Enquirer: 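Dropping the structure in here first, questions after.
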Amino acid sequence: MTETPHELSSRYDPTGIEAPLYARWLERGLFHVDAADADDPYVMVIPPPNVTAALHMGHGLNNTIQDVVIRYERMRGRDAVWVPGTDHAGIATQNVVEQQLAAEGLSRQELGREKFVERMWEWVDEYGSRIIDQLKVMGCSCDWERTRFTLDEGLSHAVREVFVRLYEKGLIYRGNYIINWCPRCLTALSNEEAEHQETAGRLYHFRYPLVPEEGAPPAKGAAGDYVIVATTRPETMLGDTAVAVHPDDERHSHLVGRQVALPLTGRTIPIVADEYVDPEFGSGFVKVTPAHDPNDFEIGNRHDLERIDVMNDDATIGDAAPEEFRGLDRFEARKAVVAALEAASLVEKIEDHTHSVGHCYRCDTVVEPRLSLQWFVKMKPLAEPALAAFHAGDLRFHPERFGSIYEHWLTNVRDWCISRQLWWGHRIPVWYCDDCDEITVSREDPDACAACGGGVTQDPDVLDTWFSSWLWPFSTLGWPEDTPDLRALYPTHTLSTAPEILFFWVARMVMAGIEFMGELPFTDVLMHGTVRDAQGRKMSKSLGNGIDPLEVVETFGADAMRYTLVSAAAVGTDMQLDHADLEGSFRVGRNFANKIWNAVRFALGGLTADDVGRDPLGPDVEPHLEVADRWILTRFTDAAASITGALDRFRLHEAAEETYQFVWGDFCDWYLELVKPRLRGDRGEASRDAAAATLAHVLDGWLRLLHPVMPFITEELYCHLPGRSHDDTLLLGPWPTGGRDGEPAFRDPDAAAALGELQELVGAVRNLRSEYGIDPGRKIDLVVASLTPALERALDEEEEGALALARLEELTRAAAIPTGVVGAHAVLRSGVELFLPLEGVVDVDRERARIGEELERLDGLLAATEKRLDNPQFTGQAPAEVVEREREKLASFVQRRTRLLEKRDAFQTSSG
RNA sequence: GGGGCCUUAGCUCAGUUGGCUAGAGCGCUACGUUGACAUCGUAGAGGUCACUGGUUCGAGUCCAGUAGGCCCCACCA
C-alpha cells in the first residue's frame, strides 16, 4: 500500500514506526540464512550478554557496531549471519539469585542444590528473553532462529566433549595450587577474575626469635637474636613454615639451617636458602607461608616444607591456628596477631604501604590467595598456535595496538583454573570412585568405577563460565556434531567486543578454534571503546551514571542513538556521554533523523512513480542532465566509494560522518535548493524530468548508504517513495559502491568543477552580504567578470537556482568590473571577480582597517609560499602535484593581494 | 615493577604512508518564518595542534626527553 506524502508529519517521530518495521523484517525472515543457501557467508557471533544484566550503553555501542557491519555485508549481497545468544555467567547470575533468596530470608544451602538450580532456570526464562527483546528494539538484525544459551543442551555437549578431549590429551589436570579464593562467593577464581586494585595497607615488620645454638654468632641486621621479617598480611604468619634468605646474602646466609621460634604458635621453623628472596628488600629475610602465598608455595615445594592452611573457606581462622585466634575473621585476626606480637615486644615497626590487592570481579571482596585442590587447563600448548596465527597476520586487531596486548598475554600465559565451587554452570564431568583412587572422566555418565566396580560420585564443582564461552564460535553452530551450519558458517569473520574481555574470551576463543576446529574462529577483531560519563568515569550501576539504551530509544529513536554512538568516536576510542543531559548527548542523531525525514518529505512532493527508478543516465534522460545533476551524481559516486572504503576498514565513524556530510551538506543544502525551480517545471518538462530522475536516484542511493547505521528511518522512507510500498525493502541491497568492485560509476569532473565555482560564487555573495550588513531579505544586484568557462556553463544552466540561493535581483555578466562606482570587489580562487555596488551602505574606516588586516595575513602566507617555491630542494623532491598546488596557491595569493590593494584604493577614493 | 595509550577550538572528537592557509558536530555571536526541515537557514568569532629539543626542503603527523591524564599486565614479602 503506498501512502501519500501528506501523511508524513513535519517532525520525525520514530514512535510507531520502528516496531512495525522490525516485525515485518522478522515476518519476512530477512535476517535468516539457511546453511544450504550460504554460498558467500559473512558470519559474526554476538558476545553473549549475561542473562542477569540489563543492557547498558556499552551493549548499545557494541551491538550497533555489529549490526552496522552485518547490514553492510548483507546489502553487499553476502549471506550475512549474526548469531545471537546469552551467557549463563556463572558467579554473576548465581550471586543475583542468591541475593534474591537472601531477601526472602533464604540461602542456597537451605534450598538445596536441585531446588536452587531450578530457581536459576526460572530466572533465566524470565530475563534471558528480555535481553533478546532489548536487542530487537535497538534494531539488531540477528538470525534469531540461531539463538543459543551457553547452558543449552548442545553447548553443554560441546563443553563436555572439550573437557574430555583435553583431559585425554593431558591438557587438563587437577592439583593443589595457590588460587584466588573469594571468601564471599566461596569459590576459586581465575587470575583474570581477580582484579588488582591499588590499596593503602601496612607493611608490618616482626621479630622472630632465633632458637639459640651453641657457639653460633648472633644474627646481623637484627637486634640481638632475632630475624626481622615483613608482611602485609600478619594473620598468615600463623601458617609460616620457614624463613628464607638469599643463598648469596653475605649478612645472613650463615644462618641457613638454624631454627626460628615462630611466635604465638609454639612451633619452630627452619631458615632456608632460596634465590627467590631479594636481599635488597627489607631485612633480607622472608617469612614463608606455602599455603597462603604463591611464591611461598613455590619455595615450599623446593624445600619440601609443610603447608599449613590457617583459614576456613569463609576466611575465618581455622583449626590449624592457635586457639585464641580461631573463628576470627581474617581482618580481626590481623589486629589480634599484631596486638599479641606487640604485647610480646616482637613488632619492629609498622609502615604505611600501598600495594595492589586482588578483588573478586563480581563482589569486590578482597580475594585470598589460598592453597586449594582445583582443575586447571595447561595453556602453553594452546597458546603457541594462537600466537603463531597472529604473527602470520591471519588475525587482525582493530585498532592494531590490541595485537601487542594479546601477544604479551599469550606469551606469558599461565594455566587456567577452571573449577568453580558454584552450583550454576556446567558440572565437571569427573567421577571419583567411592572405594579406590580411580578417577573417571567421561562423555557418558558412568554408573560404576571402571577400575574396581565400586560406586562413583561426581565432582560437585562446575566449570568457569568462560569454559563454555571460549567454544562459542563453533558450539553455536552445532559442534561437536558435523552439522551443515558448522560446515557452511565456520569460520566466522569479524568479532566485535569490549577490550576488557580480550583475555577472558577473545584469546581463548582463538585457542579453542585452532585446537578443535583446526582454524581460526575469525579474522578481524574490533575492540570498541568504553562509554564514559561527562567526567570521564566508566558508566556503572554503583555510580548511577549509566544511560539506559532503551530509554534513549524511547526518547530519540533507535536510529538517533545508533548514529550518535557510531559517529561519536573511532572504533577503539573511548567516548563521553553525559547521563545528566541526554538531549545534549543524542541531539546530533535525532536532528539528523529529522533532517533526513524532511528532505525525503520534500522530495516526495515533487516526485512521481515514473521518476522513481528511472535511470538518470538512460538515453531519454541523460541528454537533459544539467550541471547540478551531473555534479550531485559525481559527488554521490565519490561519497559512495569513500564510505564503502571506510566500512571495509571498519572506520565506522568516518562512514557515518561522511554520509552525514553528503546528505546534509551536498544533497540538502545545495542540490535540493538548486533544483527547486526545475522541479516546479520552471525550465520545462525535460529539465524537470532530468532533475526528478536524478533526485530520486541519488536519494535512493544515500538511503542505502545510511541504512546500516540508521536502519529504521531509511527503510520507512524508502517504502514511502512513489510506487513503492512496505512490501519493498532496502535490507537486501544492492549497496552503492561508487564504482568499487569494478562496477561502472558516473563521474563528470567538469560538472563538479563548475558547480564548485558556482558554490564559491554564492558563498562569496552571502559572505559579502553578511560582511556589509545587507538585509538578507533585500535583493541586490551583482556584477561578475572574468568568468571561467566552468562558471559560465554553470550559470547558463543553474542561474535561476543560484540566484535564489544568493538572493540576487539581477546578475550582470561583464567583461570587466565597472570603474568609478563605490562597491565591493571579491576575487574567487578561480579568478572570477565579483562586484557588489555599495552606494552609501558601507562604513569606510571600518572597511579600510579590515582590508589592512587581511593584507597583512596574506603577506605572511605569500612569503611562506614563495620561500617554499624558491627552495630547489622542495621543487625537486616534493611530488609534482604538491608543487603544482603550491604554484596555484601562490598565484591566487598574488591575485588576491592585487585586488585587495585596488579595493583599498577604491575606498580611499570614494571617501575623499 | 613491566607494557600500551592519550594530551588538537569552550565541550566531544576527526586528522590515512610527513605537504595544513589544521576540520566536524555541539556550544557561542549576529541576522533570518526564502512554505522540506526553527530538531531549520546564512554568516561569523574561537586553535603558538601539552612543553622542550632533534630529523627533514617541509612536522599536528617521525625520533628523544619533560609535564599531566588513562588503561592493561604483574607473586616483590
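Because only heavy atoms are used, hydrogens play no part in the values below, and waters and symmetry mates are left out as well, while side chains stay in. Source: prediction; values computed, not measured. Each chain gets a letter, A, B and so on, in the order the sequences are listed, and its residues count up from 1.
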Enquirer: Are the aromatic ring centres of A/F586 and A/F592 under 6.0 angstrom apart?
Expert: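 Between A/F586 and A/F592, the centre distance exceeds or equals 6.0 Å.
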Enquirer: So which of A/I596, A/N594, A/V600 actually passes side-chain contact (heavy atoms from CB on, under 4.5 Å) with A/N598?
Expert: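 Among the candidates, only A/N594 passes.
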Enquirer: Among B/G15, B/A36, B/G44, which nucleotide sits nearest the side chain of A/E654?
Expert: B/G15
Enquirer: Taking the side chain of A/R11 as its heavy atoms from C-beta onward, which of B/A77, B/C71, B/U39 lies nearest to it?
Expert: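 The nucleotide sitting nearest to the side chain is B/U39.
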Enquirer: Quick one: is B/U21 close enough that its OP1 or OP2 comes under 4.0 Å of any side-chain N or O from A/R868?
Expert: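 Yes.
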Enquirer: Does any nucleotide pair with B/C13 by Watson-Crick or G-U wobble geometry, both distances under 3.5 Å, and what is it?
Expert: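 B/G23 is the nucleotide pairing with B/C13.
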Enquirer: Less than 4.0 angstrom between a side-chain N/O of A/T573 and OP1 or OP2 of B/A14, yes or no?
Expert: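 Yes, such a contact exists.
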Enquirer: Could you tell me whether A/Y12 contacts a base, only the sugar-phosphate backbone, or nothing, with contacts defined as non-hydrogen atoms closer than 4.0 Å?
Expert: nothing
Enquirer: Looking only at side-chain atoms of A/R766, point me to the closest of B/A43, B/C72, B/U39.
Expert: B/A43
Enquirer: Only one of A/I632, A/L703, A/V663 passes side-chain contact (heavy atoms from CB on, under 4.5 Å) with A/V698; say which it is.
Expert: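 Testing each of A/I632, A/L703, A/V663 against A/V698, the sole residue satisfying side-chain contact (heavy atoms from CB on, under 4.5 Å) is A/I632.
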Enquirer: Would you mind classifying the nucleic acid contact of A/F297 as base, sugar-phosphate or nothing, using non-hydrogen atoms under 4.0 angstrom?
Expert: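 The answer is nothing, as A/F297 stays clear of every strand by at least 4.0 Å.
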Enquirer: With a non-hydrogen cut-off below 4.0 angstrom, is A/Q661 in contact with a base, only sugar-phosphate, or nothing?
Expert: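 Sugar-phosphate contact only.
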Enquirer: Of the listed nucleotides (B/C37, B/G15, B/C57), which one gets closest to any side-chain atom of A/Q877?
Expert: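 Minimum distance to the A/Q877 side chain belongs to B/C57.
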Enquirer: Centre of A/F602's six-membered ring, under 6.0 Å away, within 45 degrees of the axis: is that where NZ or CZ of A/K676 sits?
Expert: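 Yes, a cation-pi geometry.
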Enquirer: Could you tell me whether A/E800 and A/R678 have a side-chain N and a carboxylate O separated by less than 4.0 Å?
Expert: no
Enquirer: So, does A/W409 get its side chain near the phosphate of B/G4, meaning an N or O under 4.0 Å from OP1 or OP2?
Expert: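 Indeed not, no polar side-chain atom of A/W409 lies that close.
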Enquirer: Which base sits across from B/C76 as a Watson-Crick or G-U pair, both distances under 3.5 Å?
Expert: none
Enquirer: Which pair of non-hydrogen atoms, one from A/D559 and one from A/I713, has the smallest distance, and what is that distance?
Expert: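 Residues A/D559 and A/I713, closest heavy atoms: OD2-N, 2.7 Å.
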Enquirer: Rounded to whole angstrom, note down the C1' distance from B/U17 over to B/U61.
Expert: 11 Å
Enquirer: Give A/E673 one of three labels, base, sugar-phosphate or nothing, depending on what nucleic acid heavy atoms sit under 4.0 Å from its own.
Expert: base
Enquirer: Check every atom of B/G15, B/A77, B/G19 against the side chain of A/R885 and return the nucleotide holding the closest atom.
Expert: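 Nearest to the side chain of A/R885 among the choices is B/G19.
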Enquirer: Between B/G35 and B/G27, how many Å separate the two P atoms, rounded to a whole number?
Expert: 25 Å
Enquirer: NA contact type, A/R414, heavy-atom cut-off 4.0 Å: base, sugar-phosphate, or nothing?
Expert: sugar-phosphate
Enquirer: Can we say A/E888 and A/R885 salt-bridge, meaning some charged N sits less than 4.0 Å from an Asp/Glu carboxylate O?
Expert: no
Enquirer: Go nucleotide by nucleotide along RNA chain B from the 5' end; which of A/R401 and A/A878 gets its closest nucleotide reached first?
Expert: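 Looking at the nearest nucleotide for each, A/R401 comes out on the 5' side.
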Enquirer: Taking B/G65 as the reference, what is the distance to B/G3 when you measure between their P atoms (whole Å, please)?
Expert: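 12 Å, rounded to whole Å.
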Enquirer: Using a strict cut-off of less than 4.0 Å between a Lys/Arg side-chain nitrogen and an Asp/Glu carboxylate oxygen, indicate whether A/E866 and A/R868 qualify as a salt bridge.
Expert: no
Enquirer: Using both distances under 3.5 Å as the test, list the Watson-Crick or G-U wobble partner of B/A67, or none.
Expert: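 Base-paired to B/U7.
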Enquirer: Picking from B/C37, B/C75, B/G15, which would you name as closest to the side chain of A/H196?
Expert: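 The closest nucleotide is B/C75.
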Enquirer: Can you figure out which of B/U42, B/C37, B/C76 approaches the side chain of A/D669 most closely?
Expert: B/U42
Enquirer: Which part of the nucleic acid, if any, lies within reach of A/Q576 when heavy atoms closer than 4.0 Å are counted: base, sugar-phosphate only, or nothing?
Expert: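 Answer is sugar-phosphate: A/Q576 comes under 4.0 Å of backbone atoms only.
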Enquirer: Under 4.0 Å between a side-chain N/O of A/R651 and OP1 or OP2 of B/G15, yes or no?
Expert: yes
Enquirer: Under 4.0 Å between any heavy atoms, over every strand shown, what does A/A570 touch: base, sugar-phosphate, or nothing? Just pick one.
Expert: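 Sugar-phosphate, backbone atoms only, no base.
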Enquirer: When you measure from the side chain of A/H408, which nucleotide among B/C37, B/U12, B/C73 comes out closest?
Expert: B/C73
Enquirer: Does B/C40 have OP1 or OP2 under 4.0 Å away from a side-chain N or O of A/N594?
Expert: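 Looking at the OP1 and OP2 atoms of B/C40, neither is under 4.0 Å from any side-chain N or O of A/N594.
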Enquirer: Applying a 4.0 Å non-hydrogen cut-off, can you work out what A/V286 is touching in the nucleic acid: base, sugar-phosphate, or nothing?
Expert: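 Base contact.
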Enquirer: Check whether any side-chain nitrogen or oxygen of A/R769 sits under 4.0 Å from OP1 or OP2 of B/G32, and answer yes or no.
Expert: no
Enquirer: Establish, with yes or no, whether the OP1 or OP2 oxygen of B/U34 is under 4.0 angstrom from a side-chain nitrogen or oxygen of A/K676.
Expert: no
Enquirer: What's the closest nucleotide to the side chain of A/Q873 if the choices are B/C57, B/C40, B/C70?
Expert: B/C57
Enquirer: Only pairs with both distances under 3.5 Å count, Watson-Crick or wobble alike; so what is the partner of B/C62 in this structure?
Expert: B/G54
Enquirer: Rounding to the closest angstrom, what is the interatomic distance between B/C26 and B/C63 at atom C1'?
Expert: 36 Å
Enquirer: Does a distance-only test, which skips hydrogens and angles, find a donor-acceptor pair under 3.5 Å between the side chain of A/R587 and the base of B/U39?
Expert: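 Result: no qualifying N/O pair found.
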Enquirer: Any N or O donor-acceptor pair linking the side chain of A/N871 to the base of B/C57 at under 3.5 Å?
Expert: no
Enquirer: Between B/A14 and B/A9, how far apart are the two P atoms, rounded to whole Å?
Expert: 13 Å
Enquirer: Applying the Watson-Crick and G-U wobble criteria at under 3.5 Å, what pairs with B/G41? Answer none if nothing qualifies.
Expert: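 Answer to the pairing question: B/C31, which forms a Watson-Crick or G-U pair with B/G41.
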Enquirer: Say we look at B/A24 and B/U42: how far apart would their P atoms be, to the nearest angstrom?
Expert: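 The same atom, P, in both gives a distance of 13 Å.
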Enquirer: Scan A/K889 against the nucleic acid and name what it touches under 4.0 Å (heavy atoms): base, sugar-phosphate only, or nothing.
Expert: base
Enquirer: Given the ring of A/W597, does A/R11 sit roughly above its face, with NZ or CZ under 6.0 Å from the centre of the six-membered ring and within 45° of the axis?
Expert: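 No, cation not above the ring by the 6.0 Å, 45° rule.
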Enquirer: Students often get this wrong, so: under 4.0 angstrom with heavy atoms, is A/P879 touching a base, only sugar-phosphate, or nothing?
Expert: base
Enquirer: When all nucleic acid strands are considered with a 4.0 Å heavy-atom cut-off, which category describes A/A593: base, sugar-phosphate, or nothing?
Expert: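 A/A593: no heavy atom of the nucleic acid under 4.0 Å.
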Enquirer: On a whole-Å scale, what distance lies between the C1' atoms belonging to B/U7 and B/U52?
Expert: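 Straight-line distance between the two C1' atoms is 15 Å.
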Enquirer: Take atom P in B/G46 and the same atom in B/A59, then report the distance between them in whole Å.
Expert: 25 Å
Enquirer: Within the pair A/K595 and B/G41, is there a side-chain N or O less than 4.0 Å away from OP1 or OP2?
Expert: yes
Enquirer: When only distance counts, do a donor and an acceptor, one from the side chain of A/S567 and one from the base of B/A24, lie under 3.5 Å apart?
Expert: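 By the distance-only test, no, there is no pair.
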Enquirer: Should A/N591 be listed as having a side-chain N or O under 4.0 Å from OP1 or OP2 of B/C40?
Expert: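 So the side-chain polar atoms of A/N591 do come within 4.0 Å of the phosphate oxygens OP1 or OP2 of B/C40, strictly under.
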Enquirer: With a non-hydrogen cut-off below 4.0 angstrom, is A/D296 in contact with a base, only sugar-phosphate, or nothing?
Expert: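 No contact.
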